[in-house]
Structures are given as C-alpha cells and as structure tokens.
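Notes to accompany the following structure.
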Amino acid sequence: MQLQTGSKSSVQAAETRKIIHLDMDAFYASVEQRDNPALRGQPVAVGGSRQRGVVAAASYEARQFGVRSAMASVTAQRKCPGLIFVKPRFEVYKAVSRQIREIFADYTPLIEPLSLDEAYLDVTHNLKNVPSATRIAEEIRARILAETGLTASAGISYNKFLAKLASDYRKPNGQFVIKPHEGLAFVETLEVGQFHGIGHVTAAKMNQLGIFTGLDLRQQTELFLQQHFGKAGRYYYAIARAQDHRPVEPDRLRKSIGSENTFERDLTTYEELVAGLQPELESVWEYCRRTDVWGRTVTVKVKYDDFQQITRSRTTLLPVSSKELLEQVCREQLAALLPLAKGVRLLGVSVSNLTTTEAAAGQQLTLIF
C-alpha cells in the first residue's frame, strides 16, 4: 500500500473527505447460507474438502472454531469436526457483487472495488445530496439487506486507512465512525497487529522492538522504521499518525488492472497460494468482463514475510479473454515459486497491455491472414 504525500492544503483537503468502506460479512459463506436454509446457523466452509483442499471462506459459526480462509481443509476439519464444506459458486458471487455495486452507484460514482465483497466509496459530494456519510452507510446497508438478503459492515472516516479499520470494528452487520478529531486517539489504543497492512509476523517483529500499540509505533522515527521494515516503514510512520491521503479511485481504463491482498497469516503451501489469490483473480476478471477490456500480460505479485517483493509476468500472443486461461497462467506463476523458502504475506494479480474485444478481434484476423 502506497501513501500519497502532498502540501499542507492537500492534506487538509483530504481530511474533509467522507469515505465509506463497505465490507460484506463472510460473503461467500453467507451467500451459501442464504440460498440453502439447511446451512443457516451451521459452521460452513466454502472450498474443497479433499486432502489437499483449501478453505476459500468460512461462516462466522465456523470462525468461532478458528476456521479461516486459506486454511488447509484437513486443518479446518480438525478444528471443527462438524464443518460443512460447500463447493464455491463464483458466478453466483459475481452476480450478487454486481447487484451490490449497482446500489453503490445510486450514491456516488467514486467507487473503488477491492474485491467482489468490499469497496471504498467517496461520498463527500454524493448523488443524493445527503450531508451525513453515516446516514448514507446506513441506507446502503439497509438496501443490501433488503435486496440481497445479506448483511454488510461499514466503516466511515476521513481517509481510507481509518475507514478500513472502522469497518472491522463492529463486524458483523454493524458500522463505526471515526471522526477527524478522533483519528489519533483511535489509532494509538490499537495493538499493531490490528492495523490493516501489518500481519502477525510483522507484529511479532514490532513487539520484539518494544512496539505493541499505535502509540508505541508513533513514537518511532521514520528512519528507525525504514531501517527495520524497509520501504514499508514509511507507511507505518504515516498510519501511526492516522494519515492516508490516497483518493478513492473509481474504475477506469488504465495501463493495468490489478487487485492484491495482505493476509492475516502467512501462506506456506501451493494450495494456500492458489486459494489466497483466487478472490483477487475473480476481482480482476470481473473488471475485465464488465468493461470489455483484456490484457496480454499477466503479472503475479508476491510479498514475503520479510517484505521482499517479487513479480512474475507472462505475455501471451493474444489477449487473455477467458477466465480459464487467466487461472492457468496464475497457477503456473505460483508453481514457479516452489518450494517456498519463507511465508507469503501478500499476493496480487494484474493484467496489462490492455485492449478491447473489438481490437483483439482485429488483431486475431491480422494474425490469421
């Protein structure tokens, strides 16, 4: 995650923003429980139950037993003997995601999807002319429940970092507001492991350095943090001060289309890598399908537990216009990482060298003739 810096006036402008982070509650599992009444109230895992299967998502009932996404299915079954495995239905999840995005679009064009189940919304100047971001979040959550039968949680604040933190604060089916004068106080009381972008390995390293809370983190110099955590030190220095000047960036044709995620725990097996990358792959594919834009270059981004970052890219002769091919390329890129010498804390996928279907068809005809 990169933070933008700017002048004092730009910082002040950023602090007047009204940002909502909407996050669906246990999205895949909740869709399955909605569509199958027999699963309601039961511990459910979306994923494969085979020996080498991986949990893609877990219901809150399963999470009470310690079942988490990207966990090996055999481990999940051991933690929760009554766990019910359900095969994922990504086409259904994507259809529901589109339904939810349509609700967002009634309020603002400034929508930055992060995955199928979460997005940032800038409602500073919104289509409903509603001055309260809190009220807008309440309306959106109520509409999502009424129109899809699913619950969502919301965080409201003056920047993206705090809005993301706030959405986790009252999960599930809740919302929380962090006002501009509350940002510093809110951050300083949190354990560093609760910060978005700080995984358990990094949190443990911070603890060894005597950094346990946001206040401890704020007392460190930027130089100190960069010496111990590399480029990420600048990010930690900023968020300890509740600073994040990144704007909400809506969908648009750009040089590349990508999605990435930092995991709560490091991934250590190929199966975990595949499961961990799948939601990001789905998000990228959904954008390509919806906008009719395709790419020839597929890049997988990997950040290890020591913050070393690498990318692996492959360029195809024609644009990648099928999800099966995108998945195949990504899996090959992940397989090339084996054997893993260290844990993986972040995975991302992007496509570049973009073109449209019409242009791709013209290119194919040229190649044929």
Side-chain angles (χ1 to χ4, degrees), residues 1-2 4 56 70 90-91 93-94 97-98 101 111-116 118-120 197 231-232 246-263 267 270-304 307-342 344-369:
M1 183 180 298
Q2 295 180 338
Q4 296 181 352
F90 287 112
E91 290 303 320
Y93 309 148
K94 288 189 292 184
S97 180
R98 288 194 294 270
R101 299 269 174 85
I111 304 166
E112 181 181 338
L114 301 178
S115 60
L116 291 178
E118 64 175 319
Y120 288 114
K231 293 181 180 179
R246 297 168 302 152
V248 171
E249 298 184 277
D251 285 354
R252 63 184 187 277
L253 182 59
R254 45 199 172 185
K255 293 183 178 179
S256 65
I257 301 162
S259 181
E260 63 184 44
N261 184 44
T262 301
F263 303 101
L267 310 184
Y270 174 71
E271 289 74 20
E272 289 179 341
L273 296 180
V274 170
L277 191 63
Q278 188 66 35
E280 314 316 312
L281 186 152
E282 294 286 341
S283 180
V284 169
W285 175 255
E286 172 61 17
Y287 180 93
C288 293
R289 187 205 61 78
R290 180 160 42 86
T291 59
D292 194 30
V293 172
W294 316 100
R296 291 178 53 234
T297 301
V298 178
T299 301
V300 171
K301 175 181 176 181
V302 181
K303 184 180 288 186
Y304 293 104
F307 291 94
Q308 178 194 7
Q309 181 174 301
I310 64 170
T311 58
R312 293 289 182 266
S313 298
R314 175 184 165 190
T315 299
T316 58
L317 185 62
L318 294 175
V320 179
S321 56
S322 76
K323 190 172 75 169
E324 291 74 19
L325 179 55
L326 178 61
E327 290 180 335
Q328 176 186 334
V329 173
C330 287
R331 290 185 180 222
E332 290 174 355
Q333 305 281 40
L334 293 176
L337 301 174
L338 303 177
L340 288 173
K342 45 196 171 184
V344 172
R345 72 186 307 269
L346 176 148
L347 280 176
V349 60
S350 65
V351 293
S352 54
N353 287 334
L354 302 180
T355 187
T356 63
T357 296
E358 183 177 357
Q363 181 184 10
Q364 188 170 13
L365 287 172
T366 300
L367 291 170
I368 291 174
F369 290 101

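Just so you know, these numbers come straight off a predicted model, no measurement behind them. Sequence positions, counted from 1, serve as the residue numbers for this chain. Just so it is clear, the values below take in all heavy atoms, side chains as well, and ignore hydrogens, waters and symmetry mates.
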How long is the span from the [atom1] atom in [X] to the [atom2] atom in [Y], to the nearest 0.5 Å?
X      : Y      : atom1 : atom2 : answer
Leu347 : Leu281 : CG    : CG    : 11.0 Å
Leu273 : Gln278 : CG    : CD    : 12.5 Å
Leu334 : Glu271 : CG    : CD    : 11.0 Å
Glu260 : Leu346 : CD    : CG    : 4.5 Å
Ser283 : Lys94  : OG    : NZ    : 11.0 Å
Trp285 : Trp294 : CH2   : CH2   : 4.0 Å

- Message: I'd like to check the side-chain hydrogen bond (donor to acceptor under 3.5 Å, both in side chains) partners of Arg331; sequence neighbours left out, ordered by chain and number.
- Response: none
- Message: I'd like to check the side-chain hydrogen bond (donor to acceptor under 3.5 Å, both in side chains) partners of Thr311; sequence neighbours left out, ordered by chain and number.
- Response: none
Kindly give the heavy-atom pair with the smallest separation between [X] and [Y], and that separation in Å.
X      : Y      : answer
Pro279 : Gly276 : CD-O, 3.5 Å
Gln333 : Val300 : CB-CG2, 3.7 Å
Pro250 : Val248 : CD-O, 3.4 Å
Val329 : Arg314 : CG2-NH1, 3.5 Å

Hey, are the side chains of [X] and [Y] touching, using non-hydrogen atoms and a 4.5 Å cut-off?
X      : Y      : answer
Leu277 : Cys330 : yes
Phe307 : Arg345 : yes
Glu112 : Arg246 : no
Cys288 : Val351 : yes

- Query: Is the side chain of Thr297 donor-acceptor paired with the backbone N or O of Thr315 at a distance under 3.5 Å, no angle test?
  - Reply: no
- Query: Do the side chain of Ser350 and the main chain of Gly258 share a donor and acceptor less than 3.5 angstrom apart?
  - Reply: no
- Glu286, Glu280, Glu282 screened by side chain to side chain donor-acceptor pair (under 3.5 Å) with Ser259, the one that passes: Glu280
- By ring pair (Phe, Tyr, Trp, His ring centres under 6.0 Å), Tyr304 pairs with (sequence neighbours left out) none
Once salt bridge (charged side-chain N to carboxylate O under 4.0 Å, His left out) is applied, do any residues pair with [X], and if so which ones, sequence neighbours excluded?
X      : answer
Glu327 : none
Glu272 : Arg265
Arg312 : none

- Distance-only donor-acceptor check, side chains Lys342 and Gln308, under 3.5 Å: yes
- Given side chain to side chain donor-acceptor pair (under 3.5 Å), test Gln328 with Glu324 step by step and report yes or no. CA-CA 6 Å; Gln328 176 186 334; Glu324 291 74 19; over 6 Å; no
